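Below you'll find the structure, written out as structure tokens, and then a few comments.
Being a predicted model, the structure only gives us computed values, none of them experimental.
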Amino acid sequence: MLELVDRSGEAIRDLSSTLRPHCREVERAPLPDLDYDWHRLLEPASLAIAAVQDDPSQRPPSLRSYLGPLDRRDRFIAAFERFFERWDALISPISMGTAFPHCQPGTPHRVDGEPVEYWATTAHGSLFTYTDHPAIAMPHRLDSEGLPMGFQLVGRRWGEAKLLALAQALAPPTSAFVRPPLA
């Protein structure tokens with residue numbers, strides 16, 4: 001069992017202070033009011049994978065079972081596109097905690113003492129894979145234990161050029177990647 005401490009809130013607040021002198025506006029913005037259950041976010045990919053499995057004992061999913069998850073995904077995309085009408089980018093944690101030692105996928109995790117499924121620890125990034133919004137992982141600093149803490153910069157769909165330019169502008173005030181010490 002791996003125990004993670006969620007230091008992302010602290011790191012994002014620190015990052016906001018660091019970026020404020022370099023940006024026109026840095027504000028806490030409310031995210032769209034959606035159901036962020038990561039199991040539901042995985043449904044389109046799971047159904048697509050099931051459709052191409054070569055297992056005669058399993059019936060492929062029906063088109064009807066696929067349409068509901070696609071509709072939910074479209075609502076997420078539309079909500080975040082409305083968000084990006086107001087904001088140039090979203091800064092958010094990359095995962096639920098700092099880096100952790102390599103382990104077998106499926107290893108149980110605890111974040112701030114609460115059980116979290118292994119795959120859910122990266123749900124912050126999975127959200128934007130689900131909506132096809134470009135995201136760039138950027139280093140920020142090391143935590144008190146010497147583990148890397150980063151953030152993701154997310155932008156409007158099809159806005160990769162603008163997002164890359166913003167990431168390049170924000171790189172100097174944040175910090176360059178520092179490899180954590182080997183155990």
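Distance OG1/Thr131 to CG/Leu127: 5.5 Å, rounded to 0.5 Å. Note that CD1 of Ile94 and CD1 of Ile136 are 11.0 Å apart. Values are rounded to the nearest 0.5 Å. Separation of atoms CD1 (Ile77) and CZ (Arg72) is listed at 12.5 Å; rounding is to 0.5 Å. In this structure, CZ on Arg82 lies 11.5 Å from CZ on Arg156, to the nearest 0.5 angstrom. Atom CD of Gln168 and atom CG of Leu164 lie 8.5 Å apart (nearest 0.5 Å).
Side-chain contact between Asp132 and Trp158 is absent, with no heavy atoms from C-beta onward closer than 4.5 Å. For the pair Lys162/Asp88, a side-chain contact is recorded, criterion being any heavy-atom separation below 4.5 Å from C-beta on. Asp35 has its side chain within reach of Arg40: a pair of non-hydrogen atoms, C-beta onward, lies under 4.5 Å apart. No side-chain heavy atom of Pro134 sits less than 4.5 Å from a side-chain heavy atom of Val154. Tyr66 is not listed as a side-chain neighbour of Pro61, based on a closest heavy-atom distance of 4.5 Å or more. Between Arg157 and Glu81 the shortest side-chain heavy-atom distance falls below 4.5 Å. Using a 4.5 Å heavy-atom cutoff, the side chains of Leu31 and Leu90 are in contact. Contact check for Leu47 versus Ser65: side-chain heavy atoms found under the 4.5 Å cut-off.
Across every non-hydrogen atom of Leu70 and Pro44, the tightest pair is CD2-CB, 4.5 Å. Closest approach of Pro30 and Phe83 over heavy atoms only: O-CE1, 3.6 Å.
Using modelled atom types, no side-chain atom of Glu43 and backbone atom of His39 make a donor-acceptor pair closer than 3.5 Å. Side-chain atoms of Gln152 come within 3.5 Å of backbone atoms of Pro93 as a donor-acceptor pair (strictly under, hydrogens ignored).
Between Phe80 and Phe128, the ring planes lie perpendicular to each other; the angle is over 60°, past the 30° to 60° tilted range.
Annotation for Glu25: atom CD counts as buried by contact number, over 12 foreign heavy atoms lying within 6.0 Å. No more than 12 heavy-atom neighbours from other residues, nucleotides or ligands sit within 6.0 angstrom of CG on Asp33. The local environment of CZ in Arg64 is sparse, with at most 12 non-hydrogen atoms from other residues, nucleotides or ligands closer than 6.0 Å.
Residues passing the side chain to side chain contact (heavy atoms under 4.5 Å, CB included) test with Gln104, sequence neighbours excluded: Thr107.
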Exercise for review: For the pair Arg86 and Glu27, evaluate side-chain contact (heavy atoms from CB on, under 4.5 Å) and give the outcome as yes or no after the intermediate values.
Suggested key: CA-CA 12 Å; Arg86 165 72 171 95; Glu27 249 181 66; 4.2 Å; yes
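Ring to ring, Tyr130 and Tyr36 are not that close: their centroids are 6.0 angstrom or more apart.
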